[in-house]
Amino acid sequence: MIDKIFFNLTRFSALLILVIVAWIFVVLFNHSLEAMRTFGLDFITQDEWAPNLDKFGAYAAILGSVISTTLAMLLAVPIAIGVAIFLSEIAHDKVKSFFGISVELLAAIPSVIYGMWGLFYFVPILRDIFGGMGIGLLAAGIVLAIMILPFMAAVTRDAMNTTPDILKESAYALGGTQWDVIKDVIIPYAKAGIIGSLILALGRAIGETMAVTFVMGNVHHVPGSILDPTTSIPVTLANEFTEADSSLYFSSLFGLALTLLVMSFVVIAIAKFYFLRKARRA
Amino acid sequence: MTAVQKRIFINKLALIFSTLSAIIALAFLFWILGVLVMKGMSALNWNIFIYEGAPPGYMESGLKHALVGQLILVGLATGIGVPLGILAGTYLSEYGKNSRLAHTIRDISDIMMSAPSIVIGAFVYAVIVMPMGHFSAWAGAIALAIIMIPIILRTTDDMLQLVPGTLREAAFALGAPKYKVIKDVVYRGAKAGILTGVLLGIARVGGETAPLLFTSFNDNFFTTDLNAAMPSLTVTIFNYAISPYEDWQQLGWAAAFILSMFILGLNILGRVILFAGKRK
Amino acid sequence: MASIIDIKDECALHVRDFEFTYKGALAPSLKKVTMPIAKHSITALIGPSGCGKTTLLRSFNRMHDLYPGNTYAGEIEFEGRNILTPKEDLIHLRTKIGMIFQKPTAFPMSIFDNVAYGMRLQGIKNKTELNDRVEKALKDAAIWKEVSDRLKQDANGLSGGQQQRLCIARAIAVEPEVLLFDEPTSALDPISTQGIEKLVIELKERVSIIIVTHNMQQAARVSDYTGFMYLGELIELGQTEELFVTPKEKLTQEYITGKFG
Ligand SMILES: Nc1ncnc2c1ncn2[C@@H]1O[C@H](COP(=O)(O)OP(=O)(O)OP(=O)(O)O)[C@@H](O)[C@H]1O
Ligand SMILES: [Mg+2]
């Protein structure tokens with residue numbers, strides 16, 4: 001009797017996850033129907049976002065999301081790989097544990113604080129160097145890069161550490177240098193895991209809101225350069241959700257949310273089910 | 001230069017690059033941490049814990065409202081998310097095991113763990129805030145709970161699976177029903193691990209801002225009404241930081257400092273428990 | 001105390017008063033080991049688990065240097081110099097003293113690239129030279145027939161025994177003076193083991209070989225000299241037949257008759 005109840009309770013809780021995920025998709029889809037019907041494909045190809053005219057084209061926001069995360073990846077990936085190599089192949093034990101703690105520290109800082117730091121300390125520097133407002137895609141890309149760096153470096157290091165010692169030693173035994181071993185043995189061996197880790201970090205970066213909201217500008221137009229203020233999907237949602245005053249406006253925002261969810265779902269699923277699963281099997 | 005000398009040279013370059021990367025990463029870390037600690041400490045004072053929010057320029061303004069709101073929100077979320085997460089994890093580890101359904105749930109939950117939290121906020125807005133017609137602490141707590149469940153589920157699943165099967169069999173052999181075996185043997189064996197998972201889950205949602213923006217919204221005044229908008233540290237940081245007022249920005253830094261310490265503390269506590277559990 | 005044979009012929013390596021301590025360990029894992037290794041012959045190292053065989057073997061190509069904090073004293077002479085000095089060129093040393101591991105360690109690349117790897121590291125780029133030397137190494141390692149038609153395929157598709165022979169091919173392709181084998185057949189089936197043993201015997205014409213083994217029959221089958229180690233010491237080094245038939249030390253006697261270990 002109690003056994004049965006307990007079993008059903010656990011099963012209900014487990015199924016609830018599936019229900020919630022499905023529900024999220026359904027709700028976002030239903031609420032964005034109006035925008036989809038009204039604008040069709042224009043919703044993602046037009047960049048005019050004019051609430052007063054009830055015209056909503058998400059192109060600028062989508063582009064902003066894509067470019068800011070791409071920039072963040074371009075900046076973070078080489079450094080993260082460098083850090084991962086440092087941690088797995090160069091650093092002594094003490095340095096390793098010091099670094100490990102530092103990474104935990106960084107991971108513990110809420111992303112809103114990265115944004116705040118970016119706005120008050122990093123944007124002024126960009127302004128001094130490049131002129132203009134300082135806020136925009138470059139600032140967003142850099143803050144985002146800093147924010148995903150620890151996570152990215154940690155998972156990349158973990159992937160590299162799966163290379164068996166004996167395999168590395170075999171390359172050293174043939175007269176290889178550390179770099180030879182890294183590029184010829186470790187990276188090829190852990191390739192799937194490394195790529196998976198990097199893409200997983202990308203998946204997180206796409207949905208990151210608070211770190212970029214401060215430094216993006218929230219201006220709905222396609223920027224002339226990465227130094228101009230613009231917007232991205234999460235930034236638009238964060239700034240406008242509570243201000244929406246027409247049902248089409250709301251629907252358009254839900255359309256943005258759905259777009260973001262699909263983007264991140266696809267990216268994360270590719271990372272987890274293609275690369276990381278392949279890495280685990282190897 | 002011979003081929004070997006060239007390789008040695010390239011090796012040096014690569015090692016230098018890699019060490020430099022680490023130094024750059026550390027430099028940013030200490031920059032951010034340094035700013036957080038300096039600004040936060042200098043803005044800290046007793047008023048913060050005594051007074052609630054006030055218009056800019058008032059001396060008697062503090063963060064009491066946001067501190068209490070944060071605790072309420074995270075507490076409610078924990079109350080909802082932890083039991084559900086643990087029960088779901090129990091299903092996966094003890095009943096579902098390697099079944100198709102169990103794997104599907106694991107996979108979906110894994111993806112959910114990295115899904116954009118602002119989207120969860122939009123979802124909760126649509127299913128709770130819109131029908132109710134106003135923001136509420138409940139809505140915020142539910143959004144946080146949805147983010148928390150996959151984390152708790154995953155650690156529970158992992159930790160329960162670490163409990164050796166022979167232990168379960170021994171209990172079954174004594175004639176105990178399954179729920180008793182799980183409760184008395186499996187949970188007990190995995191206690192430290194689950195507790196760690198719970199603490200890390202709380203730490204994770206404790207730092208979330210985006211899902212609260214349009215669920216619990218914000219309020220500059222002290223409230224314990226769960227059916228009304230509720231202030232939180234994170235949203236307060238956001239609002240104060242983007243405000244043009246110097247004294248609000250100061251409060252924002254203080255809030256950021258307090259929040260970070262809270263989350264760091266949870267992280268450390270979680271790891272200490274796990275470590276102590278492992279040693280046993 | 002220890003009974004160490006005096007090798008009349010030229011020595012490939014000469015270990016003298018060698019001591020080795022792992023990082024953080026309280027006691028040395030090797031104590032005052034003195035051991036000549038005869039050129040162009042096979043020296044087997046036997047002894048119970050944990051006696052220091054692997055530790056000694058990995059000292060010859062300074063593998064221990066990959067992990068900082070280990071300390072050693074004494075000397076190992078190779079080509080007229082002590083290779084334990086800090087100024088020793090490890091890259092050069094390791095191309096002269098190759099190593100085969102307990103498990104096959106095919107790199108994640110094609111069969112051809114595996115064998116060519118060491119040569120490429122030395123800067124050999126010439127296609128025909130590489131092709132010729134890869135073919136020769138594979139033939140010498142008795143695996144050419146099995147892989148000649150799939151050189152471009154991933155080496156991890158080979159069987160364990162084939163992979164181990166591939167690793168031997170890879171090691172001999174750079175034409176080392178000495179080859180170190182650490183229980184090279186412990187992960188293989190009896191047929192593959194036979195193949196490797198045969199190969200090792202053939203190789204001694206060109207290289208000097210040191211082989212660690214847990215299997216006394218194997219030591220007896222392949223080696224010319226056998227060293228028996230116990231608790232970090234070399235108890236006895238002698239010609240294989242003598243050591244197994246008329247051991248000079250009581251400990252050796254007890255070990256080979258299966259009293260312990
Ligand atoms: N990395 C290490 N750090 C500390 N001590 C070690 C390490 N590797 C081995 N030892 C110790 O050194 C001693 C010799 O070990 P070694 O691996 O050389 O033994 P072995 O004779 O090869 O044993 P086996 O037959 O089991 O391979 C053992 O007491 C072992 O515990
Ligand atoms: Mg060994």
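Labels below follow one simple rule: chain letters A, B, ... track the order of the sequence lines, proteins then strands, and each chain is numbered from 1.
- Here the rule is side-chain contact (heavy atoms from CB on, under 4.5 Å) with B:Ser21, and of A:Leu149, A:Ile81, A:Ile79 only A:Ile79 fits it.
- Heavy atoms of B:Leu101 lying under 4.5 Å from chain A belong exclusively to its side chain.
- Here the closest heavy-atom approach between residue B:Val119 and residue A:Leu28 is recorded as CG1-CD1, 3.5 Å.
- The aromatic rings of B:Tyr95 and A:Phe7 sit perpendicular, their planes meeting at an angle over 60°, well past the 30° parallel limit.
- Heavy-atom pairs under 4.5 Å with chain B were tallied for A:Gly82, A:Gly207, A:Ala269; the largest tally goes to A:Gly82.
- Annotation: the span from B:Met112 atom CE to A:Ile20 atom CD1 amounts to 7.0 Å, rounded to 0.5 Å.
- The shortest side-chain heavy-atom distance between B:Ser114 and A:Leu200 falls under the 4.5 Å cut-off.
- Using a 4.5 Å heavy-atom cutoff, the side chains of A:Trp179 and B:Leu15 are not in contact.
- When B:Lys12, B:Lys39, B:Lys183, B:Gln249 are compared by the number of non-hydrogen pairs under 4.5 Å with chain A, B:Gln249 comes out ahead.
- Within the model, atoms CZ of B:Phe123 and NE2 of A:His31 stand 9.5 Å from one another, a figure rounded to the nearest 0.5 Å.
- By the 4.5 Å heavy-atom criterion applied to side chains, A:Phe241 and B:Leu213 are not counted as neighbours.
- You'll find the side chain of B:Ile10 stays beyond 4.5 Å of the side chain of A:Thr177, heavy atoms only.
- B:Phe238 touches chain A through backbone and side chain together, each having a heavy atom under 4.5 Å away.
- Within the 4.5 Å cutoff, the side chain of B:Ser260 has heavy atoms near those of the A:Ile113 side chain.
- B:Met130 touches chain A through its side chain: at least one heavy atom from C-beta onward sits under 4.5 Å away, while N, CA, C and O do not.
- If you measure heavy-atom distances from B:Ala126 to chain A, the contacts under 4.5 Å come from both the backbone and the side chain.
- At a heavy-atom cut-off of under 4.5 Å, chain B is reached by A:Ile85, A:Phe86, A:Ile90 from residues 84-92 of chain A, listed in order of number.
- Taking CG from B:Asp110 and CG from A:Leu276, the interatomic distance works out to 9.5 Å, rounded to the nearest 0.5 Å.
- Between A:Met116 and B:Trp253 the shortest side-chain heavy-atom distance falls below 4.5 Å.
- For the set B:Leu84, B:Val235, B:Thr90, B:Ile268, the entry with the most heavy-atom pairs within less than 4.5 Å of chain A is B:Leu84.
- Interface check for chain A: of the options B:Ile111, B:Ile105, B:Ile263, the most heavy-atom pairs under 4.5 Å are formed by B:Ile111.
- Proximity to chain A is limited to the side chain of B:Leu153, based on heavy atoms less than 4.5 angstrom apart.
- The nearest pair of heavy atoms linking B:Arg7 to A:Gly176 is NH1-CA, 3.7 Å.
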- List the steps and the verdict of side chain to side chain contact (heavy atoms under 4.5 Å, CB included) for B:Leu33 and A:Ile109. CA-CA 9 Å; B:Leu33 278 182; A:Ile109 299 178; 3.6 Å; yes
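- By number of non-hydrogen pairs under 4.5 angstrom with chain A, the leading residue of B:Ile32, B:Leu20, B:Thr234, B:Ile24 is B:Ile32.
- The distance from atom CZ of A:Phe12 to atom OH of B:Tyr91, rounded to the nearest 0.5 Å, is 14.0 Å.
- Distance OH/B:Tyr179 to CE/A:Met1: 11.0 Å, rounded to 0.5 Å.
- Interface summary for chain A: among B:Asn267, B:Leu266, B:Ile237, the most heavy-atom pairs under 4.5 angstrom belong to B:Ile237.
- For the pair A:Thr10/B:Glu94, no side-chain contact is recorded, criterion being any heavy-atom separation below 4.5 Å from C-beta on.
- Interface with chain B: from residues 250-260 of chain A, residues A:Phe250, A:Phe254, A:Ala257, A:Leu260 qualify, criterion being any non-hydrogen pair under 4.5 Å.
- Scanning both residues, A:Ile17 and B:Ile149, for their nearest heavy atoms gives CD1-CG2, 3.2 Å.
- Among the candidates A:Tyr121, A:Phe120, A:Trp117, the single residue satisfying the ring-ring contact (aromatic ring centres under 6.0 Å, His included) test with B:Trp31 is A:Trp117.
- If you measure heavy-atom distances from B:Ile86 to chain A, you find no contacts under 4.5 Å at all.
- Contacts between B:Leu13 and chain A at a heavy-atom distance below 4.5 Å are absent for every atom of the residue.
- Heavy-atom pairs under 4.5 Å with chain A peak, among B:Val124, B:Leu29, B:Leu92, B:Thr19, at B:Leu29.
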